[in-house]
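Scroll down for the structure; my scribbles are underneath it.
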There are 2 protein chains.
Amino acid sequence: MYTRGSGVSTGDLSRLTRFDSASRSVHFRDQPERARKGMTTQKRRRPGETRDMLMEAALTLVGRGRHFASLGIREVTRQAEVVPTSFYRHFRNMDDLGLTLVDELGVVLRGMMREARANVLHADKLMDESVAIFVNHVQANRNFFTFMAQGLAGESQAIQQGIRNEMQFFASELANDLRNLRLLTRLSDEDLDMACELVVRTVAFSLTDILSISPEDEAELARIRRRTTRFLRMIFIGADHWQSS
Amino acid sequence: MYTRGSGVSTGDLSRLTRFDSASRSVHFRDQPERARKGMTTQKRRRPGETRDMLMEAALTLVGRGRHFASLGIREVTRQAEVVPTSFYRHFRNMDDLGLTLVDELGVVLRGMMREARANVLHADKLMDESVAIFVNHVQANRNFFTFMAQGLAGESQAIQQGIRNEMQFFASELANDLRNLRLLTRLSDEDLDMACELVVRTVAFSLTDILSISPEDEAELARIRRRTTRFLRMIFIGADHWQSS
DNA sequence: GCCCCTTGTGTACATTCGTACACAATATGT
DNA sequence: ACATATTGTGTACGAATGTACACAAGGGGC
């Protein structure tokens, strides 16, 4: 495995030994409390628990203001109270972890849709209720949605594409629902899809509004809800008059 | 923080490259070429040139797929061919640099508005031309806009707020222009502002579309242009029928 | 000329990072 | 029950980072 020794041998070794002694004092910093004393018992966990803890830890850090792209493996494992090398038992690298998180987005969105379908009874309350449900879900999974907002622009290509796909899927489901509700029936399938995409984007953008305010600021939250609803109403009106003008 | 490009290798490769780079004496890695030999002459530069180079370097790295939040001072100075400590002559930290970049956004947007005002002659071509101008500007300043898209969600609060403000300003300018063009005259000032904000958000979102494709992919670019225009048209129709339904 | 102020450079160091490797504890299949 | 696969832990090391400090070069005032 050591392909050649030539690489290191040219370096100034006396300079490097300093790092040895320097890092020794700090050495147990990464190990979680439980491991430090004895390690006679290895903590029992249900399968996949550490894996979940790692994802959870990443989200916690993101929720604490850090950007996912700047998180390191050690940082995450520290937050998860797990030894750094344990990370590799579950993920190949941070991108891999991020991708796994994106997979969860589908679950969350599906849950949101289910709730919306169950609660939206008449069309006239459709928008207010849907927006309210969305806002509630964001509030309930703030860290998670923060990660999504971050990933929408500028994360690894794969993560970005994953989020994009979920949004696309959500939009097409929305189009289905509208069809079933006999709304915007004058639009062609293609135009309806477009309108729904615009709706989803608008709601997604309002995500950044919600996340930029304090979670307890009910007044500002109400303002965002109201504004988002008005955005949607305007889009629906536009869709309703589409191609007729 | 380190090698985080679409992670394929599990370690063997990065191990090799590490040894490879270690074969050169580690010591002068950070110093740019010019400084390595002699340093009898200090490079002459016009005032603020290094500062600009640092900002440029950050944008270059961002354009190369890195996320701004994950950039380090050393990394940027290396790209700028400047010694690390030089950074502090111009910025307190990376956030400070980012904030300075955001300031430039105002300039760019103003230039875009000027061009739009000069070129949009009749209202019927308004949207197509404006979208085209926007797309062109994005293409011409790809790295810069990538940074903006990244900063929109999840960067430091200050950066996020800065971008948000610029968008707000742009929206209000747009409202002004529409007033002057005698468009959407039936809307109250408040409603017109809202509509313009929706327009700006929609265009901003299309930024992520543009940035996610290859710059040379003219076909896909045309598709994006077309779709964005249709989004805007739908919004305008909605605004035009606002409160009348 | 001289002084000083801004900017660039070089060195140093403690800290953090990713990750290879070997071993221990536990879970799982038979 | 026992062998095997999976997961967690401890150790080690070299590369990289942020930043403090002291010094050097050139420019603008007097």
Side-chain angles (χ1 to χ4, degrees), chain A residues 1-2 7-8 11-13 15-32 34-51 53-54 70-78 80-94, chain B residues 1-4 7 9-24 26-32 34-36 38-51 53-54 70-78 80-94:
Chain A
M1 203 44 161
Y2 278 91
V8 221
D12 184 351
L13 280 187
R15 188 183 302 283
L16 295 178
T17 45
R18 184 182 0 100
F19 285 93
D20 265 352
S21 48
S23 59
R24 196 171 304 274
S25 57
V26 196
H27 221 88
F28 292 119
R29 184 94 70 85
D30 281 324
Q31 272 80 51
R34 119 180 72 81
R36 216 170 298 171
K37 45 187 175 193
M39 81 151 282
T40 56
T41 56
Q42 186 166 339
K43 178 128 182 193
R44 248 235 292 209
R45 291 199 254 266
R46 69 163 200 286
E49 179 171 1
T50 300
R51 191 184 147 96
M53 281 167 58
L54 287 171
S70 77
L71 295 183
I73 288 175
R74 286 185 109 101
E75 199 176 358
V76 173
T77 55
R78 201 181 308 132
E81 300 197 295
V82 157
V83 109
T85 46
S86 222
F87 182 91
Y88 298 102
R89 299 294 182 194
H90 306 279
F91 307 102
R92 302 209 325 288
N93 48 41
M94 283 299 292
Chain B
M1 201 115 117
Y2 294 82
T3 63
R4 187 91 77 63
S9 76
T10 55
D12 302 6
L13 195 93
S14 60
R15 181 195 179 86
L16 285 182
T17 50
R18 220 172 40 225
F19 274 60
D20 184 39
S21 55
S23 65
R24 313 179 78 175
V26 186
H27 215 80
F28 295 117
R29 185 92 71 82
D30 281 323
Q31 273 80 52
R34 119 179 71 82
R36 217 169 295 171
M39 81 152 282
T40 56
T41 56
Q42 189 166 341
K43 179 127 177 193
R44 244 224 302 190
R45 291 199 253 266
R46 70 164 199 284
E49 179 170 1
T50 301
R51 189 184 147 99
M53 281 167 58
L54 287 171
S70 77
L71 296 183
I73 288 176
R74 285 184 109 100
E75 199 176 0
V76 172
T77 56
R78 201 181 308 131
E81 301 196 295
V82 157
V83 108
T85 45
S86 222
F87 183 91
Y88 298 101
R89 300 291 183 195
H90 306 280
F91 306 103
R92 302 209 328 287
N93 47 41
M94 283 300 292

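Note on naming: letters A, B, ... go to the chains in the order of the sequence lines (proteins, then strands), and numbering restarts at 1 for each one.
- Scanning atom types as modelled, no donor and acceptor separated by under 3.5 angstrom connect the side chain of A:Arg74 and the base of C:dT15.
- At C:dT9, none of the side-chain N or O atoms of B:Arg89 fall inside 4.0 Å of OP1 or OP2 (strictly under the cut-off).
- Phosphate contact (OP1/OP2 of D:dT19, side-chain N/O of B:Arg92, threshold under 4.0 Å): absent.
- Interatomic distance, B:Ser86 OG to B:Met53 CE, rounded to the nearest 0.5 Å: 9.0 Å.
- Summarising the geometry, the separation between CD on A:Glu49 and C1' on C:dA27 is reported as 14 Å, rounded to the nearest angstrom.
- Closest contact between the side chain of A:Val83 and the listed nucleotides D:dG18, D:dT17, D:dG10 involves D:dG10.
- Taking atom CG of B:Asn93 as the reference point, atom P of D:dG18 lies 11 Å away to the nearest angstrom.
- Residue A:Arg78 has its side chain nearest to C:dC17 when only C:dC17, D:dT17, D:dT19 are considered.
- Distance CG (A:Leu54) to P (D:dT7): 12 Å, rounded to an integer number of Å.
- Remark: P of D:dT6 and CZ of A:Arg51 are 14 Å apart, rounded to the nearest angstrom.
- The side chain of B:Thr50 sits closest to C:dG8 out of C:dT19, C:dG8, D:dG18.
- Following rounding to the nearest Å, B:Phe91 (CZ) and C:dG8 (C1') show an atom-to-atom distance of 15 Å.
- Counting distance only, with no hydrogens placed and no angle test, the side-chain atoms of B:Thr85 and the base atoms of C:dG8 include no donor-acceptor pair under 3.5 Å.
- Taking atom CZ on A:Phe87 and atom C1' on D:dT7, their separation rounds to 15 Å, with Å as the unit.
- When the C1' atom of D:dT7 is taken as reference, atom CE of A:Met53 falls 13 Å away, rounded to whole Å.
- Side-chain contact between A:Thr77 and A:Val83 is absent, with no heavy-atom pair separated by less than 4.5 Å.
- Following rounding to the nearest Å, A:His90 (NE2) and D:dT6 (C1') show an atom-to-atom distance of 9 Å.
- Rounding to the nearest 0.5 Å gives a distance of 3.5 Å between OH of A:Tyr88 and CD1 of A:Ile73.
- You'll find the side chain of B:Thr50 stays beyond 4.5 Å of the side chain of B:Arg89, heavy atoms only.
- A 4.5 Å side-chain heavy-atom check between B:Arg51 and B:Phe91 finds at least one atom pair inside the cut-off.
- Residue contacts shown for B:Tyr88 include a base, since a base heavy atom lies under 4.0 Å away.
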